[in-house]
A.B. asks: 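My structure is below; once you've seen it, I'll send some questions.
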Protein chains: 2
Amino acid sequence: MANSIRDVASRAQVAVGTVSNFLNRPDRVAEATRKKIESAIAELNFVPNASARHLRSGSSRTIGLLVPDITNPFFTEVARGAGDTASENDYTLLLCNSDEDPKKEERHLKVLIEQRICGLLITPSFEGLAGVAELNRRNIPTTFIDRKAESLEQSSVSMDDFYGGKSAVKYLASLGHTSIAWVNGPLSIAQCASREDGVMDSAKEQNVKINKFQVNQMRSQNGYEVAKNILESSSQVTAIFCANDLVALGVLRALLENGKKIPTDYALIGYDDIGFSASASIPLTSIAQPAYKLGALAAQMIINEVENGKKFKHEQIVFKPELVIRASTQALRK
Amino acid sequence: MANSIRDVASRAQVAVGTVSNFLNRPDRVAEATRKKIESAIAELNFVPNASARHLRSGSSRTIGLLVPDITNPFFTEVARGAGDTASENDYTLLLCNSDEDPKKEERHLKVLIEQRICGLLITPSFEGLAGVAELNRRNIPTTFIDRKAESLEQSSVSMDDFYGGKSAVKYLASLGHTSIAWVNGPLSIAQCASREDGVMDSAKEQNVKINKFQVNQMRSQNGYEVAKNILESSSQVTAIFCANDLVALGVLRALLENGKKIPTDYALIGYDDIGFSASASIPLTSIAQPAYKLGALAAQMIINEVENGKKFKHEQIVFKPELVIRASTQALRK
DNA sequence: CGCCATGATTGAATCGTTTCGGTTTAATTG
DNA sequence: CAATTAAACCGAAACGATTCAATCATGGCG
């Protein structure tokens with residue numbers, strides 16, 4: 001049932017080496033033999049064994065993708081982009097989800113090394129750098145996604161979070177808002193920290209007041225809970241900017257439950273522009289990040305690096321996020 | 001850099017076979033040699049090569065999971081469940097997303113065969129059965145997810161869609177609704193067909209009237225669009241039941257935009273109970289499906305089948321979905 | 001017609017493991 | 001103390017592909 005290249009060779013009456021050539025450098029085999037081999041393969045239903053291939057050739061054509069939370073639509077899109085690109089280039093994508101658990105991350109990294117992946121795509125968490133060092137020691141090319149590499153020896157595809165934070169506040173200011181609630185995640189997450197820097201920078205420029213709120217995890221439920229604090233806070237906030245859409249959706253629900261009107265009572269902005277934001281009960285204004293493109297480009301870059309070896313030039317690509325205006329924001333009525 | 005079992009052996013002063021035993025049947029090697037090997041492995045930073053392992057042993061410890069739409073939170077959860085279970089049992093999960101495109105599905109199946117997966121988890125689409133037949137011919141165990149296997153030679157883990165459709169209508173009837181809009185996806189999808197059967201069956205029992213609506217794809221946008229038809233239809237529908245949550249969320253948005261109140265003007269029920277439903281602006285009543293469990297159990301079953309070979313008994317497991325009541329439904333006010 | 005260059009084909013060696021029959025060592029027994 | 005047995009260990013062969021030096025055909029050219 002499991003046919004080998006040898007079976008094909010003997011059926012087509014050629015040497016195994018020729019079959020291998022047919023598979024890998026078809027131009028080197030003559031038309032006639034090509035035909036013979038083709039039909040032998042078809043008759044035997046032969047499919048090459050990737051493991052044997054990899055073992056002998058030394059290159060695995062498998063790239064690993066390690067994400068912290070596959071449940072977050074942002075990463076789902078990243079994975080889709082990376083998967084499609086890998087597939088188009090005849091690479092296999094091995095998707096691992098660490099659920100933000102360092103133990104799981106460790107285990108996945110081990111598996112990826114066992115599989116001898118030729119490259120790794122990873123969104124490093126704060127603690128996740130130990131495992132990456134291990135990969136480095138083994139000379140496995142690694143590309144960061146959504147986090148800028150600090151070394152020039154390392155590629156990354158990330159977003160300009162400072163710019164994103166800044167442009168949201170700038171936009172709100174242009175609508176006339178002067179007191180804004182800023183709901184951020186843990187500052188230990190690089191993205192959160194940068195967005196906050198952008199927020200504060202713009203606040204100074206535009207002369208608006210920022211009320212900071214914190215959330216431990218960036219999920220909907222956390223937004224729902226923190227909304228109470230915003231409502232109870234004495235300040236007369238007129239706009240709310242959340243560090244991601246999940247949190248914003250949670251805030252939105254809490255506000256509506258409390259009889260608030262969006263965007264009249266509060267303007268609301270999220271971040272990521274996940275699919276659900278456009279179809280929320282009140283479509284959410286958001287800072288869009290091209291997640292699919294991030295994944296696709298990162299995959300393309302790691303493939304280039306794998307294939308071009310030493311002469312590959314590492315790049316740190318930074319995209320600018322884009323403000324997408326929807327129904328959850330409008331000019332402040334005096 | 002890439003150390004082999006041979007390097008370990010020579011450094012620990014033992015034979016390669018002994019190192020292999022250490023790796024696979026540690027009980028067979030004496031305490032003293034075990035220690036030597038352990039430290040050799042640590043010093044060399046040795047990690048076994050999965051490809052070589054697989055090639056020689058013949059069994060790959062890789063299971064494939066082919067889903068039609070990884071963007072749908074239902075499948076994301078399935079994948080998470082399957083991935084965790086695989087991981088716990090030292091299997092590797094190869095996740096493939098076909099985006100409901102037969103071409104992509106075909107290509108993924110090819111890759112999975114090249115990888116010589118030891119088992120496949122799949123949610124077969126209407127057309128996707130050709131590829132599965134190919135897997136069968138190669139004696140690769142296959143387990144269906146969210147679709148009952150028609151053959152007793154095949155395992156499956158699925159949901160009782162008839163029951164789900166039925167219980168939603170029954171519940172709405174108990175609230176006093178007698179005219180219900182039923183928004184279904186394509187009947188060519190088995191799940192949709194069964195749910196509709198359940199709906200109609202219950203309608204007859206409870207003596208309520210069903211207005212059928214159709215949607216081509218089961219995404220939020222489609223729900224948003226079909227809502228207009230519901231509003232324009234002459235009948236005095238008081239409740240709306242959608243074949244999945246994404247569609248229901250789209251309907252919800254359209255209704256709110258048109259000034260309708262939920263649940264007073266319309267009661268609304270979805271299906272799947274994805275995470276976003278609980279945190280929608282108006283939390284959605286839904287028919288919950290244990291997606292994570294589905295994936296986890298399917299993975300466990302295929303692992304059992306792989307490991308127990310012939311003496312494995314195929315099972316068709318069917319879960320009953322569960323009604324989860326939230327704010328989007330309430331008793332009809334006369 | 002012989003010589004060469006070129007292109008096509010061959011097949012043995014190899015990748016890093018597991019497997020398994022054979023050998024060594026140590027302990028037990030009569 | 002020789003014989004027996006069991007536990008550890010050894011190491012060559014094999015898994016299915018790729019590689020590459022060597023060989024074979026073919027045709028062009030002087």
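We name chains A, B, ... by the order of the sequence lines, and we start the count at 1 in each one.
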A.B. asks: Within this structure, what is the CZ-to-C1' distance between A:Phe22 and C:dT10, rounded to whole angstrom?
C.D. replies: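 Atom CZ in A:Phe22 sits about 18 Å away from atom C1' in C:dT10.
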A.B. asks: If the cut-off is 4.0 Å, is B:Arg25 near the phosphate of C:dT19, judged by side-chain N/O to OP1 or OP2?
C.D. replies: yes
A.B. asks: Quick one: A:Glu114 CD to C:dG16 P, roughly how many Å, whole number?
C.D. replies: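 Rounding to the nearest Å, CD of A:Glu114 and P of C:dG16 are 16 Å apart.
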A.B. asks: Using a heavy-atom cut-off of 4.0 Å across all strands, would you classify B:Arg34 as base, sugar-phosphate, or nothing?
C.D. replies: nothing
A.B. asks: In terms of side-chain heavy atoms of B:Leu55, which of D:dC15, D:dA17, C:dT17 is nearest?
C.D. replies: D:dC15
A.B. asks: Rounding to an integer number of Å, can you tell me how far A:Arg53 CZ sits from C:dC15 C1'?
C.D. replies: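 To the nearest whole Å, that distance equals 15 Å.
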A.B. asks: Quick check: does any side chain N or O of B:Arg61 sit under 3.5 Å from a backbone N or O of B:Asn89, one acting as donor and the other as acceptor?
C.D. replies: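 Side chain of B:Arg61 to backbone of B:Asn89, a donor-acceptor pair under 3.5 Å: yes, one is there.
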A.B. asks: Report the distance from atom CZ of B:Arg6 to atom P of D:dA12, rounded to the nearest whole Å.
C.D. replies: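 Between P of D:dA12 and CZ of B:Arg6: 9 Å.
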A.B. asks: Answer with yes or no whether B:Arg56 presents, from its side chain, a donor or acceptor under 3.5 Å of a partner atom in the base of D:dA14.
C.D. replies: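 Check passes, donor-acceptor contact within cut-off.
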A.B. asks: So what does B:Asn21 touch, heavy atoms closer than 4.0 Å: a base, only the sugar-phosphate, or nothing?
C.D. replies: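 Here B:Asn21 touches no strand at all.
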A.B. asks: So what does A:Thr33 hit on the nucleic acid, given a heavy-atom distance under 4.0 Å: a base, only sugar-phosphate, or nothing?
C.D. replies: sugar-phosphate
A.B. asks: Scan A:Val19 against the nucleic acid and name what it touches under 4.0 Å (heavy atoms): base, sugar-phosphate only, or nothing.
C.D. replies: nothing
A.B. asks: For A:Glu153, enumerate each residue passing the salt bridge (charged side-chain N to carboxylate O under 4.0 Å, His left out) test, keeping only those at least two apart in sequence or located in another chain.
C.D. replies: none
A.B. asks: So, is A:Ser20 near the phosphate of D:dA17, with a side-chain N or O under 4.0 Å from OP1 or OP2?
C.D. replies: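 So the side-chain polar atoms of A:Ser20 never come under 4.0 Å of the phosphate oxygens OP1 or OP2 of D:dA17.
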A.B. asks: Can you establish whether the number of heavy atoms outside A:Glu38 located under 6.0 Å from its atom CD is more than 12?
C.D. replies: yes
A.B. asks: Base, sugar-phosphate, or nothing for A:Ser4, non-hydrogen atoms under 4.0 angstrom?
C.D. replies: sugar-phosphate
